Structure formats: C-alpha cells, structure tokens
Amino acid sequence: MQARIVMLVDLDYFFAQCEELRKPSIKGKPVVVCVYSGRTKDSGAVSTANYVARKYGVTSGIPISLAKKKLQDVDAIFLPVDKEFYKEISGNIMEILRGYADHFEQVSVDEAYLDVTHRTKANYQRAKQLAETIKDDILTQQQLTCSIGVGPNKLIAKIAADIQKPDGLTLVKPEQVKRFLAPLPVRRLVGVGKKTEKRLETLGVRTVSQLASFDVQRLIDVFGRKLGTYFHNASLGFDDDPVQEKGEPESVSRISTLKEDTTNLGVILDKAYRLCDDVHSKLLSLELMYRSVSVYVVGSDLSTHSRSKTFENPTSSLESFKTAVKELFEKFLAESDVEARRVGVKLSSLTKKEAKQKQLTSFFGGSS
DNA sequence: GTATGCTTTCGGC
DNA sequence: TTACGGCCGAAAGCATAC
C-alpha cells in the first residue's frame, strides 16, 4: 500500500462537553454525566466527567455515590445522560469531518478516522495545517474541542491522539514511528488484551520495542499465523487496515437494571420481553435479520454472565427472538444460582434483509 | 496443525 | 464504609472444519 496520512479525531470528554455547550454557565465547574439506574436516588454509574471533575478523581465508570463523595465540598453539576442530544451534535460534527476526508470512518459517537492522503499530497506539513483547520472549524461551528492524532496509519493515529488531550494535536511522521512506539507497553496495541499481555510477558516482552525484536517465527508458533504476524507488523508500526465507512452494526442489544435482585423467571422475562421489543424494532428499522440471540445477566455481586444460541438461518421474527430469550434465561437459571441485578438481550450475526434468502428458498424449495 | 466459527467474558467510552 | 450503566466490539477459549 502507498504511503498514507491518517487522522484520528477524538472529541474531548464528549458527553460532558455537550452539556457545557447546552448550558455554558456550568463551564469551569465539575460536570459529571451519569446513568441513573432508578433503583435508589443515587444508584448508577458515571458515564463521563469533564476535566475539572477528573482532578477530583471522578472518572468514567465509578459509582455515582462515590463521585458525590469525592465532590462533596465542591459546587459540582450532576446530570443524567441525554444520548439523543449527544447523537445530534455528533451527527453535525461527523458531517463536518467527512468533508475533510478522502475516506472517512466513524468508529463511535465521538471518534472518527480520516484518510487525508490525497488532499494533503501525503505531506505532513499540510496535514498539520488541515488538522488545525478541522479543530478551528469544529470550535467555530459547534463550540467543541477535540484531540487529533496524525500518522501513517490507523494504529499510529489512534495512539498519537492519546498523547495530548484535551484540545491536543500530535503528529507522528513515518520516520518517527519507531522511536514513538518503542517505549510503549504492548498493551497499547489493539489486539493485546490482559491475557495476551501476560503471555507476552512470560516471553520477556513488555514493550513494543521488545516485541519488535522478538523472532517472528516464535510469535507465530505461540499465537498462530494470523495473530503472530499481526503482532509483528504492529510492533513495527505497520497497519494496512483501510479507512472505510462502517457497514451495518454487528449486534444490537439492550440491557436494563431490575427494580430488585431476583431469580424469578417471570420477573426477568417481563423486563426482558420489553427489551426484546426495543431491540427488534431497531432491527427492523435497520432492515436487518439476525442469526444469534444472547441474554445477559449481571448478578447481585456484579458478576457478568451470558448465554446465547445461533440459528441455522437468518430470521427477523420477534416470536423466535422471545422464545429463544425464554429458553436461554431458563437454561441460565437452571444451571446457576446467581441473583439477577441487570438483564439484557442481544441480536447478532446480522445480515441485510434481502433477496439472497429468497433465492435459496426458491432454489431448494422448488415448487413452493 | 492451523483456520474458522461459536460462546462467554472483558474493557473502553 | 460501601457505593456500580448501557452499549459496543475485542479478546479469549474452545469445538469443529479444513
């Protein structure tokens, strides 16, 4: 593949920044955006907090009550998440970003990759100017800040964007890649999770530079050809994954907290079937069919569990969905004594609802 | 023996 | 003192296919 220039644009503390936008008077105060579960007044978790709140140790995922404790003597703002509002703002920004890219890929509500090779003539000076223009434009049009990483591929752009934030801009030119990556822990590479980190550590590999000098054949022996080759390439900063528009989602799910912990199938199904209706209507609006059904349980001890089943053929039936959900929860309750705190349902192995199935049916079904 | 697919769990945002 | 969401895709661990 020819030399590319890829950017990752990451909107800073996105949900909290959206709230500052809606109500500028809260700027400068700690802003904590929360998902309230509705169980008790303050049950729930922190989704995002602005940097003022982060100074007090309030970060994503901590319990709301803990966040309140950390901010007890401070004039802090606690707000419930308003996803629709954030999506609307995200949509505006993604539209702006798309206009600056040869190829565009939105990866989440607040992140997108831009391949800008052509319009910068593969020149980093121009790429830096373009990134500054993008930051200005987002600030002018939406009054939001972002952090941008620029590099020869998605792997480098992503890691670069994390170097300076909020309101950061980090360029890593091809000739800088090696020194940029060398000191990083292997954990920073996409594809290296906790287990893989451990396995690499037993091989004496902790940093990317150690990975880079590790024998490829041994990596392949340990991790298999696909993964071994990938690790080797990543350690050298090679990544040919193209920037391209995401197709359809791979799964559609909903999860919700119960009023009280329970092992009662009826109570669980009452909640789960309503989640099924939501997920199914989402499925139809996307014109997709599913082949796999999963259920989740988060136990009273916050342990997570799931069960799933995969059908022979894709379908879009709500009845089959609910029947499968019932079977899966029955199965789960029969083989576990976990009390359910939260329950969820998921459809996956999604495919476009189209002529393909019909062709198969008419081919095999003949006269019908 | 490796690749692929399915199931379950993990972790980032 | 404890405290605890919702969603997604990645990771991990098997089972089975090639």
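Just so it is clear, the structure is predicted and the values come from calculations on it, not from any experiment. Each chain gets a letter, A, B and so on, in the order its sequence line appears, and its residues count up from 1.
Distance A:R188 CZ to C:dA10 C1': 17 Å, rounded to the nearest Å. As a whole-Å value, the separation of A:L302 CG from C:dC4 C1' is 6 Å. Atoms CZ (A:F14) and P (C:dC7) sit 18 Å apart, rounded to a whole Å. Across the protein-nucleic acid pair, A:E312 atom CD and B:dG5 atom C1' stand 13 Å apart, rounded to whole Å. For A:L71 and C:dA3, the CG to P distance is 19 Å, given to the nearest whole Å. With rounding to whole Å, A:Q72 atom CD is found 10 Å from C:dT1 atom P. Distance NZ (A:K158) to P (B:dC13): 5 Å, rounded to an integer number of Å. One atom, CG of A:L66, and another, C1' of C:dC4, lie 10 Å apart when rounded to the nearest Å.
Using a 4.0 Å cut-off on heavy atoms, the residues of residues 324-346 of chain A that approach DNA chain C are A:R341, A:R342, listed by number.
In the model, A:S37 has no side-chain atom that pairs as donor or acceptor with a side-chain atom of A:T257 under 3.5 Å. Side-chain N/O atoms of A:T262 and A:N264 include no donor and acceptor closer than 3.5 Å. One side chain, A:S209 or A:T207, offers a donor N or O that lies under 3.5 Å from an acceptor on the other. Residues A:D337 and A:T263 bring no donor and acceptor atom of their side chains to less than 3.5 Å of each other. For A:S292 and A:S349, the side-chain atoms include at least one donor-acceptor pair closer than 3.5 Å. Remark: the A:D12 side chain and the A:T145 side chain contain an N/O donor-acceptor pair separated by less than 3.5 Å.
Among the heavy atoms of the strands lying under 4.0 Å from A:D110 are primed sugar atoms or P, OP1, OP2 only; no base atom is included. Among the atoms of the strands shown, base atoms are found under 4.0 Å from some heavy atom of A:K69.
Neither OP1 nor OP2 of C:dG6 sits under 4.0 Å from any side-chain N or O of A:S47. A sub-4.0 Å separation between OP1 or OP2 of C:dG9 and a side-chain N or O of A:S251 is present. The shortest distance between the side-chain N/O atoms of A:T310 and the OP1/OP2 oxygens of B:dT7 is below 4.0 Å. The side chain of A:S308 places an N or O atom within less than 4.0 Å of a non-bridging phosphate oxygen (OP1 or OP2) of B:dT8. Applying the 4.0 Å criterion to OP1 and OP2 of C:dG5, one finds that A:S256 has every side-chain N and O outside that range. Regarding contacts with the backbone of B:dG5, every side-chain N or O of A:R291 stays at 4.0 angstrom or more from both OP1 and OP2. Within the 4.0 Å cut-off from OP1 or OP2 of B:dC6, not a single side-chain nitrogen or oxygen of A:S292 is found. Here A:R254 reaches the OP1 or OP2 of C:dC7: one of its side-chain N or O atoms lies under 4.0 Å away. Listed pair A:S65 / C:dC4 fails the phosphate criterion, with no side-chain N or O lying under 4.0 Å from OP1 or OP2. Proximity of A:S108 to the phosphate of B:dC13: no side-chain N or O atom is located under 4.0 Å from OP1 or OP2.
Listed nucleotides: C:dA3, B:dG11, B:dC13. Nearest to the side chain of A:R187: B:dG11. Side-chain proximity of A:S306 to B:dT8, B:dC13, C:dT1: nearest is B:dT8. Side-chain proximity of A:V35 to B:dC13, C:dG5, C:dA3: nearest is C:dG5. Residue A:T257 places its side chain closer to C:dG6 than to any other of B:dC13, C:dT2, C:dG6.
Nucleotides C:dG5 and B:dG12, compared at atom C1', are 13 Å apart to the nearest Å.
Ring pair A:F104/A:Y113: centre-to-centre distance not below 6.0 Å.
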Report the C-alpha distance between A:H305 and A:F332 in whole Å, list the side-chain angles of each, state the deciding distance to 0.1 Å, and finish with yes or no for ring pair (Phe, Tyr, Trp, His ring centres under 6.0 Å). CA-CA 9 Å; A:H305 311 268; A:F332 175 78; 5.5 Å; yes
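The 5' end of DNA chain C is approached more closely, in terms of each residue's nearest nucleotide, by A:I64 than by the other of A:I64 and A:S253.
Using cut-offs of 30° and 60° for the angle between ring planes, the A:F14 and A:Y86 rings count as perpendicular.
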